[in-house]
Amino acid sequence: MKHTDSYDRQAVGQVLAERGRLDGPLMPVLHGVQEALGHVPEQAVQQIAHALNLSRAEVHGVLTYYHHFRTEPAQGPVLQVCRAEACRSVGGEQLLQRARAAGGCEVEPVYCLGLCALAPAVMLEGQPYGRMSAQRLDDLLDDVGGPR
Ligand code: FES
């Protein structure tokens, strides 16, 4: 059964309590909610908007503008693949295509993981990996059980 109107209001409230008074709080709050719940439920938009004195449209607009935020739980482990310049110039784009083709992970293109000196870089479930190669990527995906 799909839950369409339940989410962890308390966790969202905790993030709002911690970050709601920051200068320009919306992005830190959205990041915090995604860190806490793994995604930002659409149902939380109202709670966030109310707490930050914003319209639902404003919150929804930011939430959907940035690809980093997901409104549904990830389908499997999250693999972030950097496609910024340093990584792109040494095969990051091919790694992204390879990861997408492999399946088994939720592949998320990102722009710089702060590992430019170790390009190309990826992050799997929050764990960074530098100097990535096709073989190392395959090994990583094997480790998380992704079919190839
Ligand atoms: S450009 Fe890829 S980690 Fe910075």
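Residues: numbered from 1 along the sequence shown. Whatever order the structure lists ligands and atoms in, that order sets their numbers, starting from 1.
Here is the list of ligand 1 atoms found below 4.0 Å of a heavy atom in Leu115: 3 (S). Taking a cut-off of under 4.0 Å to the non-hydrogen atoms of Ala84, the atoms of ligand 1 that pass are 1 (S). In summary, the atoms of ligand 1 found under 4.0 Å from a heavy atom of Gly114, numbered by their order in the structure, are 3 (S). With ligand atoms numbered from 1 in the order given, ligand 1 contributes 1 (S), 2 (Fe), 3 (S) to contacts under 4.0 Å with heavy atoms of Cys82.
Checking Ala121, Cys87, Ala86 against atom 2 (Fe) of ligand 1, the nearest heavy atom belongs to Cys87.
Between Ile48 and Gln46, every side-chain heavy-atom pair lies at or beyond the 4.5 Å cut-off. Met27 is listed as a side-chain neighbour of Phe69, based on a closest heavy-atom distance under 4.5 Å.
In summary, the side chains of Gln75 and Glu106 do not present any donor paired with an acceptor at a separation below 3.5 Å, with no hydrogens or angles considered.
The proximity of Cys116 to ligand 1, defined as any non-hydrogen pair under 4.0 Å, involves the side chain as well as the backbone.
The shortest non-hydrogen separation linking Pro109 to Arg100 is CG-NH2, 3.3 Å.
The pair Glu35-Arg19 meets the salt-bridge criterion, with a side-chain N (NZ, NE, NH1 or NH2) lying under 4.0 Å from an Asp/Glu carboxylate O.
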